[in-house]
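Here's the structure, in structure tokens; my notes come after.
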Amino acid sequence: MEKKATSPAQAPKPATAASKGSGGLNPALVIPLLFVIALCVYMFVLGNPDHFIDGDPEKGPKPGDYFGIVHEGGPIVPLLMTCFLIVLVFTIERMITIGKANGSGSIDSFVRKIKSLLDKNQVDEAIKECDKQKGSVGNVIKAGLLKYKQLAGETQLDKEQKLAALQKEVDEATTLELPMLQKNLTIIATLAGASTLIALLGTVLGMIRAFAALGASGASDSGALAAGISEALINTAIGIGTSAIATISYAYLNSRVDDLTYSIDEIGLSIQQNFAAHY
């Protein structure tokens with residue numbers, strides 16, 4: 001007489017609908033490239049002799065020529081321009097990525113429709129809606145609904161175990177999607193503070209240059225003093241502007257990711273409540 005196995009056979013697990021995206025630009029390649037671009041702009045565009053009196057940078061920029069004026073900010077300017085370009089490029093890249101993650105149509109409408117279908121226990125129809133949505137929320141919820149269907153026919157687990165397995169599936173699918181959405185946000189957040197510090201370095205160097213000129217001349221050299229103060233203020237302006245843009249960008253993008261996460265959590269809770277009510 002054959003002895004029956006006491007441990008339940010594991011049902012085949014459906015492939016999760018959420019897939020971890022390669023997720024955007026590689027900072028290790030993009031940042032050096034942006035630095036080279038900023039350096040070239042500083043040297044060949046801002047430093048073009050056409051922007052200076054008699055074509056000589058030593059004589060200062062032409063009156064009202066802002067390219068020449070920015071060039072007077074000195075060697076810190078390319079670093080600040082790099083920070084600005086990094087913020088700009090990664091903000092655009094994150095907006096495109098998050099836009100794709102939103103999928104087609106309104107997220108709020110999608111959430112309401114899924115909850116309505118779940119209230120009617122129309123799981124297959126809800127899965128079809130996830131396929132139409134084609135976004136991160138749809139991917140995560142589809143993974144949960146596929147697990148829902150699998151657990152509905154499972155007889156070897158009790159209700160609490162099924163609910164735990166369902167929650168785990170949604171959590172795992174969310175874990176696969178969120179890193180793709182949050183990638184490179186840390187860089188923007190870092191530059192929100194770092195660009196101000198780099199600007200402060202440029203300001204200090206400009207002031208050192210101004211007072212060194214005064215000390216060397218032994219008299220009031222208004223030209224040298226003005227050049228040093230101008231360098232300091234140019235760096236300050238660029239750094240503060242970059243910092244402000246980075247701060248606003250990070251807050252906006254992070255709120256978009258939080259909205260997606262909230263939508264996932266909302267539908268995930270509805271899936272569990274629906275499962276608990278029907279099984």
For residues 114-127, tabulate all N or O donor-acceptor pairs below 3.5 Å that involve a side-chain atom, not counting sequence neighbours.
from: Lys115; atom 1: NZ; to: Glu266; atom 2: OE2; distance (Å): 3.2
from: Asn121; atom 1: OD1; to: Tyr148; atom 2: OH; distance (Å): 3.1
from: Asp124; atom 1: OD1; to: Lys149; atom 2: NZ; distance (Å): 2.7

Distance-only donor-acceptor pairs under 3.5 Å for side chains of residues 77-88, two or more places apart:
from: Thr82; atom 1: OG1; to: Pro78; atom 2: O; distance (Å): 2.7

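Rounded to the nearest 0.5 angstrom, Glu169 CD and Gln167 CD are separated by 11.0 Å. Interatomic distance, Ile96 CD1 to Glu93 CD, rounded to the nearest 0.5 Å: 7.5 Å. One finds the CZ atom of Phe52 at 13.0 Å from the NZ atom of Lys59 (value rounded to the nearest 0.5 Å). To the nearest 0.5 angstrom, Ile240 atom CD1 is 11.0 Å from Asn235 atom CG. Atoms OG1 and CD1, on Thr203 and Ile229 in that order, are 11.5 Å from each other to the nearest 0.5 Å. Between the CZ atom in Arg112 and the OG atom in Ser270 there is a gap of 13.0 Å [rounded to 0.5 Å].
Counting only distance, with no hydrogens or angles, the side chain of Tyr250 and the backbone of Leu185 share no donor-acceptor pair below 3.5 Å. Listed for the Asp56 side chain is a donor-acceptor partner under 3.5 Å among the backbone atoms of Glu58. Side-chain N or O atoms of Lys62 include one that pairs as donor or acceptor with a backbone N or O of Asp50 at under 3.5 Å. Side chain of His71 to main chain of Asn48: no donor-acceptor pair is present (N/O by atom type, distance under 3.5 Å, no hydrogens or angles). Not one N or O on the side chain of Ser243 forms a donor-acceptor pair closer than 3.5 Å with the backbone of Gly239.
You'll find the side chain of Asp265 stays beyond 4.5 Å of the side chain of Leu269, heavy atoms only. Using a 4.5 Å cut-off on side-chain heavy atoms (C-beta onward), Ile107 and Gln133 make contact. Taking the side chain as every heavy atom from C-beta outward, Ile98 and Leu260 approach each other to under 4.5 Å. By the 4.5 Å heavy-atom criterion applied to side chains, Asn102 and Arg256 are counted as neighbours. Residues Phe90 and Ser249 are not in side-chain contact: their nearest non-hydrogen atoms beyond the backbone lie 4.5 Å or more apart. Put simply, the side chain of Asp131 reaches to within 4.5 Å of the side chain of Lys142, judged on heavy atoms.
When all heavy atoms of Cys130 and Gly138 are compared, the closest pair comes out as CB-O, 3.5 Å. Nearest heavy-atom pair, Ile188 versus Ala246, reported as atom, atom and distance to 0.1 Å: CG2-O, 3.4 Å. Between Pro61 and Glu72 the shortest heavy-atom distance is CD-CG, 3.7 Å. Scanning both residues, Ala165 and Leu151, for their nearest heavy atoms gives CB-CD1, 4.1 Å. Here the shortest heavy-atom pairing between Ala232 and Thr236 reads O-OG1, 2.8 Å. Of all heavy-atom pairs spanning Leu163 and Gln272, the tightest one is O-NE2, 3.2 Å.
The cluster map of Ile, Leu, Val, Met, Phe, Trp and Tyr, joined by side-chain heavy atoms under 4.5 Å apart, puts Leu34 and Leu29 in different clusters. Using a 4.5 Å cut-off between side-chain heavy atoms of Ile, Leu, Val, Met, Phe, Trp and Tyr, with links allowed through other members, Leu191 and Leu33 fall into the same hydrophobic cluster. Using a 4.5 Å cut-off between side-chain heavy atoms of Ile, Leu, Val, Met, Phe, Trp and Tyr, with links allowed through other members, Leu146 and Leu157 fall into the same hydrophobic cluster. At a threshold of 4.5 Å between side-chain heavy atoms, the hydrophobic network of Ile, Leu, Val, Met, Phe, Trp and Tyr places Met43 and Ile69 in one connected group. Ile37 is connected to Phe44 through a chain of hydrophobic side-chain contacts under 4.5 Å among Ile, Leu, Val, Met, Phe, Trp and Tyr, so both are in one cluster.
For the 3.5 Å distance criterion, the side chains of Thr242 and Ser195 fail to qualify, holding no donor opposite an acceptor.
Shown are Ile271, Leu166, Val170; of these, the side chain to side chain contact (heavy atoms under 4.5 Å, CB included) with Lys147 is made only by Leu166.
Atom NZ of Lys159 has more than 12 heavy atoms from other residues, nucleotides or ligands within 6.0 Å.
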